[in-house]
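Encoded as structure tokens, the structure appears first; notes follow it.
Values below: every heavy atom of this structure, side chains too, minus hydrogens, waters and symmetry copies. Residue numbers run from 1 in the order of the sequence given.
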Amino acid sequence: MAADPALDVSLRSLAIWALGRQNTDKVRRPLIAALADSDISVRSEAARALGVLGSRRAAGRLIQVMRGDPDASVRMFAAHALGSLCGPKAVSALREVLANQGEEAKVRGEAAESLGECFASEAVPDLIAALMDQSPEVRFWSAFALGQMRAESAVAALESLASSDDAVVPGWWSVAREAAGAIEEIRKGPWET
């Protein structure tokens, strides 16, 4: 169903969604193939499904999609999926996208969030720098990621945002509120191993 172009796109997307919830590596290939589909919703669902599946063997293709798909939403879903995979290549690619000022804010913001989900400590300097980005979305998700990682070195920059950044991210809240929440999370101390 997922690969049948004669079927309605919503049915194909539903089949891809179901494939991503299978606990087998056999579904990886059809999902990777769906990343090249002509329909944006099919490509987006394939990226999400690969993230849910958690197959690191899909990381290389997801990185390609995140860097080069013509649609920003598909690139964003690929960045989100990479946050579930968290290998060294995924983290490196997410850092690269976060720093790419030519990329759309929603993709860069998703890259920041995914770095936090990966607990990518090597990205802490990148995330601190992104707290001064022009985009409120990038600042918001960078603050989230730093709080998620409990990055003590980010407290001063987060305090600055918490006291002054009233920009609101649609569907969420202000950057200042997210920065304050990140500070609270950091003050809980390091994660126990």
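Between Glu184 and Arg187 there is no salt bridge, since no side-chain nitrogen of the basic residue lies less than 4.0 Å from a carboxylate oxygen of the acidic one. Checked for salt-bridge contact, Asp71 and Arg43 miss the test: no charged N lies under 4.0 Å from a carboxylate O. Using a 4.0 Å cut-off between charged nitrogen and carboxylate oxygen, Glu110 and Arg48 do not count as a salt-bridge pair.
Once rounded to the nearest 0.5 Å, the distance linking CZ of Arg139 with CD of Gln134 reads 9.0 Å. Atom NE2 of His80 sits about 12.0 Å away from atom CG of Leu50, to the nearest 0.5 Å. Separation of atoms CZ (Arg108) and CG (Leu98) is listed at 6.0 Å; rounding is to 0.5 Å. Note that CG of Leu131 and CG of Asp126 are 11.0 Å apart. Values are rounded to the nearest 0.5 Å. A distance of 12.0 Å separates CD of Glu45 from CG of Asp37, quoted to the nearest 0.5 Å. A distance of 8.5 Å separates CZ of Arg28 from CG of Leu53, quoted to the nearest 0.5 Å.
When all heavy atoms of Leu82 and Ala59 are compared, the pair lying nearest together is CD2-O, 3.9 Å. For Ser114 against Ala79, the heavy-atom pair with the smallest separation is OG-O, 2.8 Å. Pairing each heavy atom of Gly51 with each of Ser84, the nearest pair is O-CB, 3.3 Å. The heavy-atom pair separating Asp69 from Arg75 by the smallest distance is O-NH1, 2.7 Å. For the residue pair Cys118 and Val91, the shortest heavy atom distance occurs at CB-CG2, 4.2 Å. For the pair Ala143 and Ala182, the tightest heavy-atom approach, listed with the atom from each and the gap, is O-CB, 3.2 Å.
The hydrophobic clustering, which links ILVMFWY residues whose side-chain heavy atoms are closer than 4.5 Å, places Ile128 and Met132 apart. Following chains of ILVMFWY side-chain contacts shorter than 4.5 Å, one cannot reach Val168 starting from Val138, and the two form parts of different hydrophobic clusters.
Put simply, the side chain of Ser142 does not reach to within 4.5 Å of the side chain of Asp133, judged on heavy atoms. Taking the side chain as every heavy atom from C-beta outward, Leu115 and Met149 never approach each other to under 4.5 Å. Between Phe140 and Glu113, every side-chain heavy-atom pair lies at or beyond the 4.5 Å cut-off. Taking 4.5 Å as the limit, some side-chain heavy atom of Leu35 sits within range of a side-chain heavy atom of Leu62. Arg67 places none of its side-chain heavy atoms less than 4.5 Å from the side chain of Glu103. Annotation: side chain of Pro136 is in contact with side chain of Val175 (closest heavy-atom distance under 4.5 Å). A heavy-atom distance below 4.5 Å is not found between the side chains of Gln148 and Glu185.
Put simply, the side chain of Arg150 never gets that close to the backbone of Ile186: no donor and acceptor are under 3.5 Å apart. Side-chain atoms of Arg95 come within 3.5 Å of backbone N or O of Glu122 as a donor-acceptor pair.
Heavy atoms of other residues, nucleotides or ligands lying less than 6.0 angstrom from CD of Gln101 number more than 12.
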| said: Walk me through whether Glu178 and Asp165 qualify under side chain to side chain contact (heavy atoms under 4.5 Å, CB included). | reply: CA-CA 10 Å; Glu178 186 60 35; Asp165 196 332; over 6 Å; no

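Between the side chains of Ser135 and Lys106, no donor-acceptor pair of N or O atoms lies under 3.5 Å.
The aromatic rings of Trp141 and Trp172 stand perpendicular to each other, their planes meeting at an angle above 60°, with 30° marking the opposite boundary.
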